[in-house]
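Chain identifiers are assigned alphabetically (A, B, ...) following the order of the sequence lines, protein sequences preceding nucleic acid strands; residue numbering begins at 1 within each chain. Keep in mind it's a predicted model, so treat the numbers as computed, not measured.
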Amino acid sequence: MIKDTSFFEKVYEVVRKIPGGRVSTYGHIADYLGSKGAARMVGWAMNVSHHTDPPVPAHRVVNRNGLLTGKIHFRTEDMMQKLLENEGLTICDDTVMNFEEVLWDPLKEL
DNA sequence: ACGTTGACCTATA
DNA sequence: GTATAGGCCAACG
């Protein structure tokens, strides 16, 4: 589809740029897109990312607290944690350990 | 076009 | 420190 879905495509592109072993946050992504307070928008974009191609590593996107809020939207909640652990991250109580160290900010990295 | 929703964030009690 | 309320922007029904 050549037709871009505005912010959605932007969100997908940014999330796809997230390197392995790193995680990003909705607020920072929204801020990178220009809509600072549209953090909810980013999450919604992830919701439709299921029919997006190429697929978006939504499991690398967590909330401001590093909490895996969107894990419930996956096929299985444990899958998101498993994927993050597979990236080399440490998840404890549905929260990313060393979150600040693995945090990948598009504004800083890009 | 209006109202509701949505994987959030910030502030106040 | 935890709980609740409001606000934010954009898409969906």
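- A:Tyr26 contributes no side-chain N or O that, together with a main-chain N or O of A:Ala38, makes up a donor-acceptor pair within less than 3.5 Å.
- Comparing B:dA7, C:dA10, B:dT10 by their nearest atom to the side chain of A:Arg64 picks out B:dT10.
- Dashed line: the shortest gap from a side-chain N or O of A:Thr69 to OP1 or OP2 of B:dC8 is under 4.0 Å.
- The nearest whole Å value for the distance from the CG atom in A:Leu33 to the C1' atom in C:dC8 is 14 Å.
- Within the nucleic acid shown, A:Asn63 comes within 4.0 Å of sugar-phosphate atoms alone, with no base atom in reach, counting heavy atoms only.
- A cation-pi geometry, defined here as NZ or CZ lying under 6.0 Å from the six-membered ring centre and within 45° of its normal, holds between A:Lys10 and A:Phe7.
- Spacing between atom CD1 of A:Ile72 and atom C1' of B:dA7 amounts to 7 Å, rounded to whole angstrom units.
- Atom OH in A:Tyr12 sits roughly 12 Å away from atom C1' in C:dA10 (whole-Å rounding).
- A:Phe99 and A:Val23 make their closest contact through CE1-CG2, 3.7 Å (heavy atoms, listed as atom of the first residue, atom of the second, distance).
- Distance, A:Trp44 CH2 to B:dT4 P: 13 Å, rounded to whole Å.
- Checking B:dC9, C:dG7, C:dC12 against every side-chain atom of A:Ala39, the shortest atom distance belongs to B:dC9.
- Contact annotation for A:Ala58: base contact, defined as any heavy-atom pair under 4.0 Å involving a base atom.
- Rounded to whole Å, atom C1' of B:dA7 lies 8 Å from atom CE of A:Met80.
- Atoms CE (A:Met46) and C1' (C:dA11) sit 14 Å apart, rounded to a whole Å.
- With hydrogens and angles disregarded, no donor-acceptor distance shorter than 3.5 Å links the side chain of A:Arg22 to the backbone of A:Ile18.
- Contact of the A:Met80 side chain with the A:Val62 side chain is registered, since non-hydrogen atoms from C-beta on lie closer than 4.5 Å.
- Residue A:Tyr26 has its side chain nearest to B:dA7 when only C:dG7, B:dA7, C:dA10 are considered.
- If you take CZ of A:Phe8 and P of B:dA7, they are 12 Å apart, rounded to a whole angstrom.
- A:Phe7 places its CZ atom 16 Å from the P atom of C:dC8, with the value rounded to the nearest Å.
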